Amino acid sequence: MECREKVRRRNRIIDIAVFIILLAGVSAVTLVLFYRQTMGNPGSYHSDMKAYILEMQGLESGYEFPYPIFFKLGALIHLFAPPELSVAIATMLLNSLGIIVAKLAFNHLTLQVLEDGLILCRREQRADKSWLAGIVISMAVTGLFFVSMLYPPTGIYLPGIRFKYLGVFTANPFHNATFMVARPFAVLAFLWYVKLLSVYEQGEHKTADYVLFAVFLLLATMTKPSFTLVMVSTAGLIMLFRLFRAKFRNFIPTVQLGLCFVPTFLDLLYQFKGVFVPVEGEEGGLGFCFGEVWMQYTSNFVLAVGLAVGFPLLVLVLNYKECRKNTLLCFSWQLYLVSFAEAFFLYEKGFRKYDFNFSWGYMYGIFFCHFCALVMVIRKTAETVSGRTGQGRAAILLVCQWLAFLGHVVCGLFYFKTIFGGAMYY
């Protein structure tokens, strides 16, 4: 027992050291990118950073940005640094916080099982490889924050796909700071809702979990509401379905969970009072279409979906029976389907129509499909290396899934490199 505890302690030290090195590297390169965006122009390092700088300083930016958390953090840093650098640092800090939150979540969900799998594997190989568990998870989580859509080399065009980003979209839109900075709170809200989703009807819960979910969702909304729109829609549909299926016998616990959304609803009312209104005589509000806005960028929705979620789709197909019983993975796909539907059927009327702002929620759907699929693959890796599943076919399928993830990461690293060099995002 003492020997096992020493191994665990050693593994934790290695895990923390490797993750700190990876996080420092990511923070450094993203800080440079975000700073270049604050100093850039529409033809190079395209972003809304110029408007964010004005908003952070309390000046007229020409846009509605009722999202105080990002800008208040920038204003705090601005007490000690120039405005451009302040916004860049605020973006980097919140983006890196998202990686930290994801790492803690993956450690909670997968570290123990992967470490135990490697310890069992030791019986055959006579070498302790359990220290690899933390490194594998750290590298996988870091890769998760670089995954992009799959796309071919320059000069090769796929049918109906005119752009590598536009119309396909990515889990990591590096040109949009408000998306990146909202993710730590979105990840926390997502995970806490899944935690409550499994138990709220049985009353197996703690009041603190309700409070934490409400706080995390509100923080995500106050940073950027794109995630909230798809989260609230998905959660609402699931809770209504369960309510009718149970013939209202779960009415009280449903109301209790529903109360967690009230602070967010109030904040959304405040945010949208100045957004969905006519500007200079133009039509305002929401419109309904059948993919009209999306079709401006791609005419091949099937291929676009495959390029965006190739890895999680493969994981779903190869592990369908297990995925059906996995609340985390099921909810990620439910969120994705709702985000797809909102992007496909809804648009903002007026001059915002072809900004395709509902695509931001869709990109959250893409991100969480990758997030939960990666959790599944790491857990399957633990089963395979421990010998609890057949080594032949299971190992081949596992390699295919890791290669699919690696494909998204490699494309993402090249995508980041082009944006880092000043290329346009699309």
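Please read all numbers here as calculations on a predicted model, not as lab measurements.
Rounding to the nearest 0.5 Å places NZ of Lys103 at 3.5 Å from CG of Asn107. A distance of 3.5 Å separates CD1 in Ile137 from OG1 in Thr110, rounded to the nearest 0.5 Å. Separating the CG atom in Leu316 from the CZ atom in Arg324 is a distance of 11.0 Å, to the nearest 0.5 Å. Rounding to the nearest 0.5 Å places OG of Ser44 at 11.5 Å from CD1 of Ile419. Here the OG1 atom belonging to Thr207 is positioned 11.0 Å from the CG atom belonging to Leu212, to the nearest 0.5 angstrom. Once rounded to the nearest 0.5 Å, the distance linking CG of Leu166 with CD1 of Ile161 reads 11.0 Å.
Take Ile156 and apply the side-chain contact (heavy atoms from CB on, under 4.5 Å) test, not counting sequence neighbours, and it matches Pro152, Pro153. For Leu346, the side-chain contact (heavy atoms from CB on, under 4.5 Å) test picks out Phe288, Glu342, Phe358, with sequence neighbours left out. In this view, Leu398 and Val377, Lys380, Thr381, Thr384, Trp402 satisfy the side-chain contact (heavy atoms from CB on, under 4.5 Å) rule, not counting sequence neighbours.
For the pair Lys195 and Val199, the minimum side-chain heavy-atom distance is 4.5 Å or more. Using a 4.5 Å cut-off on side-chain heavy atoms (C-beta onward), His408 and Leu150 make contact. For the pair Met376 and Leu318, the minimum side-chain heavy-atom distance is 4.5 Å or more. Proximity of Lys325 to Cys330: side-chain heavy atoms (C-beta onward) are nowhere separated by under 4.5 Å. Side-chain contact between Thr264 and Asp267 is absent, with no heavy-atom pair separated by less than 4.5 Å. Asp116 is listed as a side-chain neighbour of Gln112, based on a closest heavy-atom distance under 4.5 Å. The shortest side-chain heavy-atom distance between Lys50 and Leu54 does not fall under the 4.5 Å cut-off. The closest side-chain heavy-atom distance from Leu328 to Leu109 is below 4.5 Å.
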### Task
Please assess Lys72 against Leu76 for the test side chain to side chain contact (heavy atoms under 4.5 Å, CB included), listing each intermediate value before the final yes or no.
CA-CA 6 Å; Lys72 292 298 183 183; Leu76 179 63; over 6 Å; no
### Task
Mind running side chain to side chain contact (heavy atoms under 4.5 Å, CB included) on Leu313 and Trp333 for me, showing each step along the way?
CA-CA 9 Å; Leu313 195 59; Trp333 277 105; 3.8 Å; yes
### Worked verdict on Asp15 versus Asn11 for side chain to side chain contact (heavy atoms under 4.5 Å, CB included)
CA-CA 6 Å; Asp15 179 25; Asn11 291 350; over 6 Å; no
### Message
I'd like to know whether Tyr165 forms a side chain to side chain contact (heavy atoms under 4.5 Å, CB included) with Thr170, so could you lay out the CA-CA distance, the side-chain angles of the two residues, the decisive distance to 0.1 Å, and finally the verdict.
### Response
CA-CA 7 Å; Tyr165 164 83; Thr170 175; 3.5 Å; yes
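Other residues, nucleotides and ligands contribute more than 12 heavy atoms inside 6.0 Å of the CZ atom of Phe301. The number of heavy-atom neighbours closer than 6.0 Å to CD1 of Ile100, taken from other residues, nucleotides and ligands shown, is above 12.
Aromatic ring centres of Phe331 and Phe190: separated by under 6.0 Å. Taking the ring centroids of Tyr426 and Tyr297, they lie at or beyond the 6.0 Å cut-off.
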Distance-only criterion, 3.5 Å: show the donor-acceptor pairs between side-chain atoms of residues 18-37 and protein atoms not counting sequence neighbours.
{"residue": "Ser27", "atom": "OG", "partner": "Leu23", "partner atom": "O", "Å": "2.8"}
{"residue": "Ser27", "atom": "OG", "partner": "Ser96", "partner atom": "OG", "Å": "2.7"}
{"residue": "Thr30", "atom": "OG1", "partner": "Val26", "partner atom": "O", "Å": "2.7"}
{"residue": "Thr30", "atom": "OG1", "partner": "Ser27", "partner atom": "O", "Å": "3.1"}
{"residue": "Arg36", "atom": "NH1", "partner": "Tyr45", "partner atom": "OH", "Å": "3.2"}
{"residue": "Arg36", "atom": "NH1", "partner": "Phe420", "partner atom": "O", "Å": "2.8"}
{"residue": "Gln37", "atom": "NE2", "partner": "Phe174", "partner atom": "O", "Å": "3.1"}

Side chains of residues 359-375: which donor-acceptor partners sit under 3.5 Å, not counting sequence neighbours?
{"residue": "Ser359", "atom": "OG", "partner": "Phe356", "partner atom": "O", "Å": "2.6"}
{"residue": "Trp360", "atom": "NE1", "partner": "Asn357", "partner atom": "OD1", "Å": "3.4"}
{"residue": "Tyr362", "atom": "OH", "partner": "Tyr336", "partner atom": "OH", "Å": "2.8"}
{"residue": "Tyr364", "atom": "OH", "partner": "Phe179", "partner atom": "O", "Å": "3.2"}
{"residue": "His370", "atom": "ND1", "partner": "Ile366", "partner atom": "O", "Å": "3.0"}

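Phe227 and Ala220 make their closest contact through CD2-CB, 4.3 Å (heavy atoms, listed as atom of the first residue, atom of the second, distance). Smallest separation of non-hydrogen atoms from Thr178 and Asn176: OG1-OD1, 3.0 Å. When every heavy atom of Leu268 is checked against every heavy atom of Pro225, the shortest pair comes out as CD2-CB, 3.7 Å. Taking both residues in full, the closest heavy atoms of Thr38 and Met49 are given as CA-CB, 3.8 Å, listed atom of the first, atom of the second, then distance. In this structure, Asn300 and Pro159 approach most closely via the heavy-atom pair ND2-O, 2.9 Å. The two residues Glu84 and Met39 have their closest heavy-atom pair at CG-SD, 3.5 Å.
The main-chain N or O of Ser148 is never found under 3.5 Å from a side-chain atom of Asn172 such that the two would form a donor-acceptor pair. With hydrogens and angles ignored, the 3.5 Å screen pairs a side-chain donor or acceptor of Thr298 with a backbone N or O of Gly160. Listed for the Asn326 side chain is a donor-acceptor partner under 3.5 Å among the backbone atoms of Leu329. The backbone N or O of Gly167 lies less than 3.5 Å from a partner atom in the side chain of Trp294, making a donor-acceptor pair.
Sorted pairs that involve residues 173-187 and meet salt bridge (charged side-chain N to carboxylate O under 4.0 Å, His left out), not counting sequence neighbours, are lacking altogether.
Of the listed residues (Phe213, Tyr200, Phe216), just one forms a ring pair (Phe, Tyr, Trp, His ring centres under 6.0 Å) with Tyr193, and that residue is Phe213.
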